[in-house]
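A short write-up of the structure that comes next.
These numbers come from a predicted model, not from an experiment. Proteins get letters first, then strands, A, B, ... in listed order; numbering begins at 1 in each.
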Amino acid sequence: MEKITAPRGTKDVLPLEVDRWHMLETTARRVAQSYGFQEIRFPAFEHTELFIRGVGDTTDIVQKEMYTFEDKGGRSISLRPEGTASVVRAGIEHGVFQGALPFKAHYIAPVFRYEKPQAGRLREHHQFGIECYGAAGPEADAEVIALAHTFLTNVLPVATELPFVLHLNSIGCPTCRGAYRDKLLAYLQSKPLCHNCTERMARNPLRVLDCKEASCQSVVQDAPVTNQCLCADCQTHFASVQTYVRQLGIPFVVSDRLVRGLDYYNRTVFEFICTQIGAQGTILAGGRYDGLVEQLGGPPTPACGFGCGIERILLLQDAFGVAMRQEHTPFLCITTADTPDSPAGVAARLLTQKLRAFWYVEQDITGRSLKAQFKHADRLGAKYVMTIGSTEIETATVTIKRMADGAKLTCALDSDAIVALLLADIAPQTAPVMQDSSENANL
RNA sequence: GUGGAUGUAGCUCAGUCGGUUAGAGCAUCAGAUUGUGGUUCUGAGGGUCGGCGGUUCGAUUCCGCUCAUCCACCCCA
C-alpha cells in the first residue's frame with residue numbers, strides 16, 4: 001500500500017508534545033480572561049467575499065494564499081486565512097456592536113494559507129487572537145499591548161533581557177496616510193530600487209520601507225517617515241499609546257519602518273519580534289483597525305487587537321530549552337496472569353472499572369505475560385501494581401506492590417478496602433493524579 | 001512562485017569507487033526453570049535504501065524527472 005503523508009505544511013501534534021499546547025492554550029485563556037476578553041468561536045470557512053472585503057484584495061493573503069473552493073451549492077468558500085474578519089462578521093451578524101461596548105473577545109484557532117513552508121511558516125498554523133471593539137482611545141491600544149506582553153512573559157523565559165523586542169509605530173488614519181503616501185511616492189520616484197520594490201511601489205508603497213535589500217535600505221533612510229507625517233489627532237493618539245505603554249513598564253522601540261501586510265490597519269501597529277527562530281521572527285503582531293467593522297457593513301466601530309502564532313512561540317520555547325511535560329503516570333496497574341474470561345480476569349476488569357473513579361488505573365489489554373505487564377507498569381511509572389489471579393480469588397486477598405521500594409501491602413479483595421489502604425499509604429505524599437492536566441499548567 | 005541543501009528500519013545515523021541474504025545504536029517484542037518491574041545476557045520482528053523513468057549483464061549506489069523535508073527570498077503569525 002502506498003503511504004499517505006500529512007499534507008504539505010501541516011503538523012501532527014503527538015501525545016508527547018500535546019502538553020505544551022495545553023499549557024500555551026491554558027495560559028492564553030487565563031491571561032485573556034484576566035483582561036476581560038471572553039472566548040469566541042467561529043467557522044473554519046467563510047464566504048470568500050468576507051476576506052476579500054475584510055483582509056483586502058490587494059494583499060498577498062487574498063491574492064495568492066487562500067484555500068478557496070466552490071461548494072456543492074455553487075458558493076465560493078474559503079478556509080479562513082486569519083481570524084479578525086470572522087469575528088467582525090459574527091459581531092455584525094449578532095448585533096454585538098449595537099450592544100454593550102467595548103466588546104472584547106479572544107480565540108485560539110487554526111488558520112490556513114497556501115504558503116511555501118519554511119522555519120516558522122506553515123500552511124495550517126494556530127493563532128491566539130485578541131479583539132477589542134468600541135474603544136477609540138489610546139488606552140485600548142495600551143491594554144491590548146499589555147495583554148500581549150503579559151501572555152508572552154508568561155510562556156517564555158524572562159531573564160534580565162526579554163527574548164523578544166516590541167516594535168511600535170503609527171501609520172496614521174486614512175487622511176494622513178493618503179498624504180504620506182503621496183509624499184513617499186514623490187520621494188521614491190527618482191530613486192534606484194530593487195526589482196521587488198519597483199513592484200511594491202504600485203501596490204503598497206509603504207512596504208518599501210521594510211525592504212531588506214541593502215540598496216533600498218540606504219534609499220529609505222532619508223525617506224519621509226510615517227509617524228512624522230501624522231495629522232494632529234493621530235499624533236496625540238500615538239504619543240498617548242507610547243506614554244501608557246511606558247507607564248506599564250513595557251519596553252519598546254519606535255520603528256518608523258514598521259508597516260503591516262493586511263489592508264485594514266490604521267494608526268497603531270506593533271510587532272513582537274525575536275531573532276532566535278529563523279527568518280520568520282514575528283511571534284505576535286497587531287494594531288488598530290477602526291474602519292473594518294464599517295467596511296464589512298456594520299456600524300462605525302473603532303477596533304484593535306493582535307494575532308499570535310502558537311507554533312512560533314513553540315519554536316522560541318525550543319530555542320530556550322523550555323521543557324513542559326505533564327506527568328501521565330498511572331497510579332495503579334492491575335495485572336493478571338489468567339485469561340480474560342477466567343474468574344480472576346473478570347474480577348480484575350471489574351475492579352479496574354471501580355478504582356478508575358479514584359485514580360488513573362491501567363490494566364493490560366494485550367494479553368502479554370505477567371512479567372511483561374510488570375515491565376510495562378514500570379515503564380509507565382506506576383506507583384503501585386496489584387496482581388489478581390486464582391490465588392487471590394481463592395483467598396479473597398490481594399497484595400499490592402509499592403513500586404518505589406518493592407514493598408508488598410496486603411489487603412482484602414474489595415474495592416473499598418483497597419481504596420482505604422492506598423489512601424492511607426500515600427497520605428504523606430501529594431494527592432493522587434485524577435485531575436485535568438490542563439488545570440495546573442505553568443512553567 | 002524563485003533559489004540552495006537533503007531524502008537508507010519507529011528514532012539517530014553508518015555503508016555500497018555499481019555486483020549475491022543492506023548494517024549499528026536506541027526503541028519494540030520474546031526468552032534466561034513455568035505468577036512479579038527497573039540491571040545484565042540471548043534471540044526475534046521491522047527497510048520495495050522517497051517515487052517514476054533512463055544508462056548498464058546488473059542500480060540503493062550513476063543520470064533525468066518528480067515528490068517530500070529543511071533553509072533562504074517573497075510574504076506573514
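- Atom CG of A/D405 and atom C1' of B/G38 are 13 Å apart (whole Å).
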Tabulate protein N/O versus nucleotide N/O from nucleotides 30-35 of chain B, keeping only pairs under 3.5 Å, one per line.
unit_1	atom_1	unit_2	atom_2	d
B/G35	O6	A/S390	N	3.3
B/G35	O6	A/S390	OG	3.4
B/G35	O6	A/T391	N	2.8
B/G35	O6	A/T391	OG1	2.3
B/G35	N1	A/E392	OE1	2.8
B/G35	N1	A/E392	OE2	3.4
B/G35	N2	A/E392	OE1	3.4
B/G35	N2	A/E392	OE2	2.8

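- In this structure, A/L315 and A/Q280 have side chains that are not in contact, with every pair of non-hydrogen atoms separated by 4.5 Å or more.
- Note: CG (A/D60) to P (B/C74) measures 11 Å, nearest angstrom.
- Checking each of A/T226, A/T268, A/D256 against A/N169 for a side-chain hydrogen bond (donor to acceptor under 3.5 Å, both in side chains) leaves exactly one that passes, namely A/T226.
- Taking a cutoff of 4.0 Å between a charged side-chain nitrogen and a carboxylate oxygen, A/K401 and A/D378 do not qualify as a salt bridge.
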Using a cutoff of under 3.5 Å, can you pull out all pairs of nitrogen or oxygen atoms linking the protein to nucleotides 2-5 of chain B, with atom names and distances?
unit_1	atom_1	unit_2	atom_2	d
B/U2	O4	A/K116	NZ	2.8
B/G3	O6	A/K116	NZ	3.4

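- A donor-acceptor distance shorter than 3.5 angstrom exists from the side chain of A/E17 to the backbone of A/L14, with no hydrogens or angles considered.
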> How is the base pairing of RNA chain B summarised as a dot-bracket string, given the Watson-Crick and G-U wobble criteria with both distances under 3.5 Å, [ ] for crossing and | for another strand?
Replying inline: (((((((..((((.....[...)))).(((((.......))))).....(((((..]....))))))))))))....

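- When atom types are taken as modelled, the side chain of A/E124 and the backbone of A/G9 share no donor-acceptor pair closer than 3.5 angstrom.
- In the set B/G37, B/C76, B/C73, B/C76 carries the atom at the smallest distance from any side-chain atom of A/R113.
- Within the structure, every side-chain polar atom (N or O) of A/Q280 is placed at least 4.0 Å from both OP1 and OP2 of B/A77.
- For the pair A/H106/A/Y35, no side-chain contact is recorded, criterion being any heavy-atom separation below 4.5 Å from C-beta on.
- A/H376 does not qualify as a stacking partner of the B/G37 base, lacking a centre-to-centre distance under 5.5 Å together with planes within 30°.
- A/L14 has its CG atom 11 Å from the C1' atom of B/G10, to the nearest Å.
- For A/E65 against B/C75, no side-chain N or O and base N or O form a donor-acceptor pair under 3.5 Å.
- One cannot find a donor-acceptor pair under 3.5 Å joining the base of B/C71 and the side-chain atoms of A/R121.
- Side-chain contact annotation: A/Q373 with A/T335, donor-acceptor N/O pair under 3.5 Å absent.
- Rounding to whole angstrom units, CD1 of residue A/I400 and P of B/G37 are separated by 18 Å.
- Residues from residues 346-353 of chain A lying near RNA chain B, meaning a heavy-atom separation below 4.0 Å, are absent.
- Annotation: ring pair (Phe, Tyr, Trp, His ring centres under 6.0 Å) contacts of A/F238 (sequence neighbours excluded): none.
- In this structure, the ring pair (Phe, Tyr, Trp, His ring centres under 6.0 Å) partners of A/Y133, at least two apart in sequence or on a different chain, are A/F97.
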